Amino acid sequence: MQKSYEVAVIGGGIIGSAIAYYLAKEQVDVAVLEEGQIGLKATSAAAGMLGAHSELENEVKAFFSFARYSQSLYSVLKEELYELSGIDLGFRKGGILKLAFSKRDKEKLAMVLAQPTVTWLEPEEVRNLEQEVAPNILGAAYIEEDINVLPARVCQAFAKGAQLYGASIVEHTKVLRIKKQQDMFQIETTKELIKAKRIVIASGVWSTPFFRQLGLQYEMIPVKGECIAVESAHFVLKHTIFHDKYYIVPRNNGELVIGATMQENDWSEQVSLNGVETLIQKAKALFPAIGQMNIKASWSGLRPQTFNQKPFIGYHPEDNAILFATGHYRNGVLLAPATGEMIASLILRRDVKQEWVEEFQVGGLFRR
Ligand code: FAD
Ligand code: GLY
């Protein structure tokens, strides 16, 4: 018999899995349809920073308040998901030191430094926190609340939690086409035909075919990011070190993640020598002692970027049975909890802050 669900979520990265979790928790019959395995794409490539402040570049109040809200949900989810799924999210305190090497760098930090939760530290104060930091710094913005997690674990925990609340996680099932007949969607996949009353597009950088099929003119642009992980028994980094778009993130297992390159319109998923060279040079400039550490792993992933670098989270402009949660670009890990909760609230017709609805709304219809 053809399988039928209340909601089908297309894509099982951290965004699709978070949506399934928040829906299943409210007893909604939801399925996640995932082409490969849960969480193996952009989600697994992420460093895991919850960078509400550190990624703040333009003064967009609604975006910042959404990011801070999502960040705050993690302190609840840490216990909630562990109790439910037994998966530890790898929650790591310490925060981010956003370094300034010049007056220009410091000026660029003005918006971050205007937040009451952020402090300016002079070079000696930075060195008190991290002895081995680059000697030529002018200071740093210390962002204690931008902690980090293990993204693949968060995704697994959302998916397992969703399953325990009754969701179906359907892996190795690629969605090919979606058609609406009367009030039901017919979802053609590589395995079977599936029916659903509502659909949520959460396919990350691979969302463009669905925009097209559903009459929207958007295109998702890949921004490839490469990372390397290094380890050493001799160095302990307590804080994430961040400068420009590059960072060194300490993880609970003693590894340091060095990230990340930014290559727009590159769909390749291999790690290039140029990428590794850039990362090593940048990491040594921030934290010279890192040169003595051993490379443990390297990987890359495709960030899903929209035309304005903000995600789409909301209804299709003509059909409230179609929702989008895609284009989270550099901040999908940070924004996953608030995105999952917001999509669930929209489906359940609960109140969502109007400023968030407007900030992330989907427009862009084709003329048909
Ligand atoms: P994905 O994880 O890519 O998931 C989309 C899923 O959809 C995939 O599993 C795919 O197989 C599936 N899919 C696609 N098409 C179909 C189809 N037709 N049928 C079925 N399934 C389909 N964010 C942060 O917040 N903090 C960070 O520190 C951070 N660091 C990053 C570092 C790097 C190097 C990169 C590349 C990204 C980083 N990000 C970070 C960004 C973050 O990884 C992304 O924003 C986030 O993972 C997007 O999640 P997603 O679920 O939308 O996409
Ligand atoms: N947010 C970090 C990155 O995308 O590289």
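As a basis for the values below, the full set of heavy atoms in this structure was taken, side chains included, without hydrogen atoms, waters or symmetry mates. Both counts, for ligands and for their atoms, begin at 1 and track the order of listing. Please read all numbers here as calculations on a predicted model, not as lab measurements.
Summarising the local packing, NZ of Lys180 is surrounded by more than 12 heavy atoms from other residues, nucleotides or ligands at distances under 6.0 Å. Sparse packing is recorded around OH of Tyr82, with 12 or fewer heavy atoms of other residues, nucleotides or ligands lying under 6.0 Å away. Atom CG of Asp351 is surrounded by 12 or fewer heavy atoms from other residues, nucleotides or ligands within 6.0 Å.
Given atom 50 (P) of ligand 1, the protein heavy atom at minimum distance is Ile15 CG1, 3.7 Å. Looking only at heavy atoms of the protein, atom 2 (O) of ligand 1 is closest to Thr43 OG1, 2.6 Å. Scanning the protein heavy atoms around atom 4 (O) of ligand 2, the nearest turns out to be Arg303 NE, 2.8 Å. Protein heavy atom at the shortest distance from atom 11 (O) of ligand 1 is Glu34 OE2, 2.7 Å. Closest protein heavy atom to atom 7 (O) of ligand 1: Gly11 CA, 3.3 Å. Scanning the protein heavy atoms around atom 26 (N) of ligand 1, the nearest turns out to be Met49 O, 2.9 Å. Among all non-hydrogen protein atoms, the one lying nearest atom 20 (C) of ligand 1 is Glu35 N, 3.2 Å. In terms of protein heavy-atom proximity, atom 18 (N) of ligand 1 is nearest to Val175 O, 3.0 Å. The nearest heavy-atom contact from the protein to atom 40 (C) of ligand 1 is Arg330 O, 3.2 Å.
Residue contacts with ligand 2 for Lys245 are absent, since no atom lies close enough (heavy atoms, distance under 4.0 Å). Only the side chain of Cys227 comes within 4.0 Å of ligand 1, counting heavy atoms alone; its backbone N, CA, C and O stay farther away. Of the heavy atoms in Tyr247, only side-chain atoms (C-beta onward) come closer than 4.0 Å to ligand 2. Contacts between Trp299 and ligand 1 below 4.0 angstrom, taking non-hydrogen atoms only, are absent altogether. By the criterion of a heavy-atom distance under 4.0 Å, the side chain of Ala260, and not its backbone, is placed next to ligand 1. Residue Thr173 touches ligand 1 through its backbone alone, judged by heavy-atom distances below 4.0 Å. No part of Val223 comes within 4.0 Å of ligand 1, judged by heavy-atom distances.
Listed by number with element, the atoms of ligand 1 under 4.0 angstrom from any heavy atom of Tyr329 are 41 (C), 42 (C), 44 (C), 45 (O). Counting the atoms of ligand 1 from 1 in the order shown, those under 4.0 Å from a heavy atom of Phe210 are 18 (N). Of all atoms in ligand 1, listed by their number and element, those nearer than 4.0 Å to a heavy atom of Gly48 are 27 (C), 28 (O). Of all the atoms in ligand 1, the ones that sit under 4.0 Å from a non-hydrogen atom of Gly301 are 36 (C). Close approach of ligand 2 to Glu55 (heavy-atom distance below 4.0 Å) involves ligand atoms 1 (N), 2 (C). Near His328, meaning under 4.0 Å from any of its heavy atoms, are these atoms of ligand 1: 45 (O). Residue contact check: Leu33 has heavy atoms under 4.0 Å from atoms 20 (C), 21 (N) of ligand 1. Interface of Met49 with ligand 2, defined as ligand atoms under 4.0 Å from a residue heavy atom, comprises 2 (C). Which parts of ligand 2 touch Ala260 is read off a 4.0 Å heavy-atom cut-off, strictly below it: atoms 5 (O). Close approach of ligand 1 to Gly225 is summarised as follows: ligand atoms under 4.0 Å from at least one heavy atom of the residue are 34 (C). Listed by atom number, the atoms of ligand 1 under 4.0 Å from Ile14 heavy atoms are 49 (O), 51 (O).
Under the 4.5 Å side-chain heavy-atom criterion for ILVMFWY residues, no single connected hydrophobic cluster contains both Val118 and Leu129.
In summary, Arg350 and Glu26 engage in a salt bridge, as defined by a charged side-chain N under 4.0 Å from a carboxylate O. Ion pairing between Glu80 and Lys25 holds under the 4.0 Å rule for side-chain N and carboxylate O. In summary, Lys41 and Glu269 engage in a salt bridge, as defined by a charged side-chain N under 4.0 Å from a carboxylate O. A salt bridge links Arg198 with Glu6; the closest basic N to acidic carboxylate O contact falls under 4.0 Å.
Lys93 places no side-chain N or O within donor-acceptor distance of the main-chain N or O of His239, the cut-off being under 3.5 Å. Using modelled atom types, one side-chain atom of Ser75 and one backbone atom of Ser72 make a donor-acceptor pair closer than 3.5 Å. For Trp120 (side chain) and Ala141 (main-chain N/O), no donor-acceptor pair under 3.5 Å exists by modelled atom type. Distance alone, capped at 3.5 Å, places no donor-acceptor pair between the Arg251 side chain and the Arg92 backbone.
By the 6.0 Å and 45° rule, Lys174 does not stack over the aromatic ring of Trp206.
Comparing Met262, Arg330, His328 by heavy-atom distance to atom 1 (N) of ligand 2, the nearest is Arg330. Nearest-residue assignment for atom 43 (O) of ligand 1 (options Gly39, Ala42, Ala152; heavy-atom criterion): Ala42.
Between Phe211 and Phe324, the ring center distance clears the sub-6.0 Å criterion. Residues Phe360 and Phe312 keep their aromatic ring centres 6.0 Å or farther apart.
In this pair, Phe242 and Tyr247 present their aromatic rings tilted. The plane angle is within the 30 to 60° band. Note on ring orientation: taking the six-membered ring where Trp is involved, the planes of Trp356 and Phe66 are perpendicular (angle over 60°, cut-offs 30° and 60°).
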